[in-house]
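Each ligand, and each atom within it, is numbered from 1 in the order the structure gives.
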Amino acid sequence: MMVDVDLLVHRGPFTLDVSVSVAPGETLALLGPNGSGKSTMLAAIAGLLTPDRGTIVVGGKVLTQVSDASDASDASGRNSQVPAHRRRIGLLGQDPLLFPHLSALENVAFGLRSQGITASLARARARQWIEDVGLASFADRRPAELSGGQQQRIAIARVLATEPDVLLFDEPMAALDVQNASLVRTLLRERLAERHAARHATAAGRGTGRSSVAPATIVVTHNVVDALVLADRVAILDRGRIIDIGVVARVLGQPANLFAATLVGLNLIEGIVETPELVRTPDGRRFSPENRLPPVGTEVSVVFPPSAVTVSSVRAATGATAPAMPNSWRATLELLEPGVNGIRLTFCNDTVAAEAPPTQLLAQQLSAGDDVTASIDPAAVTVYPRQSAVPKVPAVPKVPAVPKVPAVPKGPGKALP
Ligand SMILES: Nc1ncnc2c1ncn2[C@@H]1O[C@H](COP(=O)(O)OP(=O)(O)OP(=O)(O)O)[C@@H](O)[C@H]1O
């Protein structure tokens with residue numbers, strides 16, 4: 001179902017101030033630095049905390065309405081807060097939080113039972129869901145007899161079985177090793193695609209019949225792979241505000257802020273087009289990329305990979321004066337650390353990073369504290385107009401698409417480790 005969120009939350013000196021809508025069947029990945037307010041936003045949507053002001057509307061039904069700093073349940077009747085357990089919102093964090101004394105099957109059936117479904121029907125549906133997450137032969141085990149990845153898959157079955165109107169995932173893969181994270185991610189993608197195929201549950205004869213509209217999904221993550229695999233749109237949250245939102249390819253493919261750029265392994269500097277061939281940055285760097293530039297005067301983002309930056313010792317440079325050429329600048333090496341494709345170099349008072357093969361650094365005997373000339377390959381520089389404000393991109397209902405080849409085997413005897 002469509003979820004519309006407009007929130008103001010104060011937590012000590014921190015303020016969350018966000019407004020976002022997610023369409024039925026759409027998955028929004030929420031990315032942002034530590035402490036930017038991602039979990040606070042989910043907690044408010046789930047009804048676990050009352051905002052200082054704002055509204056949360058799901059499928060046209062008002063779940064939270066707080067018009068000022070007064071208590072949400074005040075006597076005036078203007079404000080309202082539907083309790084968390086009556087929200088039809090499925091919340092899954094990095095901890096599966098299964099009941100330890102119940103079997104996997106009973107855990108999944110529990111949520112259905114609490115919706116008033118009879119014991120036998122709840123067990124039948126729970127068994128089907130456990131099959132769907134590839135753990136049919138583990139149905140009678142208790143959580144302590146399951147691996148972390150298996151427990152998380154049972155938790156996914158539990159949350160999906162109740163057919164919530166909104167799904168909230170708070171770093172669901174964060175506690176898993178790489179292999180299990182990949183399995184759970186694939187499983188989530190497939191099960192979400194199924195959920196998003198409208199009326200899937202009803203057509204399959206195991207839905208409650210109430211949920212003919214696909215849920216809106218929000219996934220909080222620090223992992224760019226989660227966004228690429230699961231999301232239709234990405235929102236970047238920074239210090240309690242959404243600083244960018246849009247389709248995954250734009251927000252992560254043409255990053256408009258340092259956080260998104262760093263996440264996808266790129267440098268980003270902001271500048272202004274000074275001449276048809278030249279961009280100048282506020283700190284005086286000049287870039288002359290090979291590609292055509294936007295019109296003179298346009299504020300732009302200059303983006304390039306660390307591997308496109310080469311450094312040479314100023315000691316070794318001939319006639320070493322301040323570099324006058326575009327695409328190069330003086331810097332002081334701060335840190336040398338292992339990188340993805342070599343040694344990663346960072347510089348004093350600079351957000352730019354470089355990456356160089358160890359042999360190149362050894363040949364120059366470079367170490368922290370050395371003054372260097374950094375040069376950039378102009379062919380590797382991308383320049384595009386700067387995103388000045390959060391773009392108004394409407395939530396777009398997703399076209400249902402169920403993957404043809406399930407990556408997670410189903411049914412007894414095919415359970416994954
Ligand atoms: N229970 C609380 N009481 C007071 N302040 C809190 C509470 N929980 C979180 N905060 C503060 O609210 C701000 C946002 O925290 P939140 O957990 O929402 O961020 P986050 O983006 O989810 O961070 P992370 O990526 O580290 O999980 C932080 O400044 C944090 O210190």
### Reference residue T332; test side chain to side chain donor-acceptor pair (under 3.5 Å); the match among D371, D370, N349
D371
### Message
I want to know if ligand 1 touches G32 in the polar sense, i.e. an N/O pair below 3.5 angstrom.
### Response
no
#### Entry: Shortest protein contact, atom 16 (P) of ligand 1 (heavy atom only)
T40 OG1, 3.6 Å
### Closest protein heavy atom (residue, atom, distance) for atom 25 (O) of ligand 1
K38 NZ, 2.7 Å
### salt bridge (charged side-chain N to carboxylate O under 4.0 Å, His left out), paired with D165, selected from K61, R88, R87
R88
### Query
Short question: side chain of E145, backbone of R142 - any donor-acceptor pair under 3.5 Å?
yes
### Query
Does the protein put a heavy atom under 4.0 Å from atom 13 (C) of ligand 1?
yes
### Query
What residue and heavy atom of the protein are closest to atom 17 (O) of ligand 1, and at what distance?
S39 CB, 3.8 Å
### Atoms of ligand 1 close to H222 [distance to a heavy atom under 4.0 angstrom, numbered from 1]
25 (O)
### No-hydrogen, no-angle side-chain donor-acceptor test under 3.5 Å, T64 and Q81
yes
### Query
At a 4.0 Å threshold, what atoms of ligand 1 neighbour a non-hydrogen atom of P33?
21 (O)
### Task
Give the residue and atom name of whichever protein heavy atom lies nearest to atom 4 (C) of ligand 1, and the separation in Å to one decimal.
R11 CB, 4.1 Å
### Message
Checking a contact table here: which protein heavy atom is nearest atom 26 (O) of ligand 1, and how many Å away?
### Response
N34 ND2, 2.9 Å
### N or O pair under 3.5 Å between F14 and ligand 1
no
#### Entry: Residue list, side-chain hydrogen bond (donor to acceptor under 3.5 Å, both in side chains) with R344, at least two apart or on another chain
none
### Task
Determine whether S312 and Q364 make a side-chain contact, defined as any pair of heavy atoms from C-beta on separated by less than 4.5 Å.
yes
### Message
Using the rule given for side chain to side chain donor-acceptor pair (under 3.5 Å), can you reason through N79 versus S67, listing the C-alpha separation, both sets of side-chain angles and the distance that settles it, and then say yes or no?
### Response
CA-CA 6 Å; N79 296 337; S67 52; 3.0 Å; yes
### Query
How far is atom 23 (O) of ligand 1 from its nearest protein heavy atom, and which residue and atom name does that atom have?
G35 N, 2.8 Å
Considering only distance and modelled atom types, tabulate donor-acceptor pairs under 3.5 Å from the side chains of residues 36-47, sequence neighbours left out.
residue, atom, partner, partner atom, Å
S36, OG, P33, O, 2.7
K38, NZ, G32, O, 2.9
K38, NZ, P33, O, 3.1
S39, OG, D170, OD2, 3.1
T40, OG1, R11, NH1, 3.0

### Task
Answer yes or no: is there a donor N or O on one side and an acceptor on the other, between the side chain of D232 and the main chain of T27, under 3.5 Å?
yes
### Summary
Counting from 1 in the order shown, the ligand 1 atoms closer than 4.0 Å to a non-hydrogen atom of S36 are 19 (O), 20 (P), 21 (O)
### Message
Using heavy-atom distances only, which candidate in P13, G37, G12 approaches atom 19 (O) of ligand 1 most closely?
### Response
G37
### Message
Can you confirm whether some protein heavy atom lies under 4.0 Å from atom 31 (O) of ligand 1, or whether none does?
### Response
no
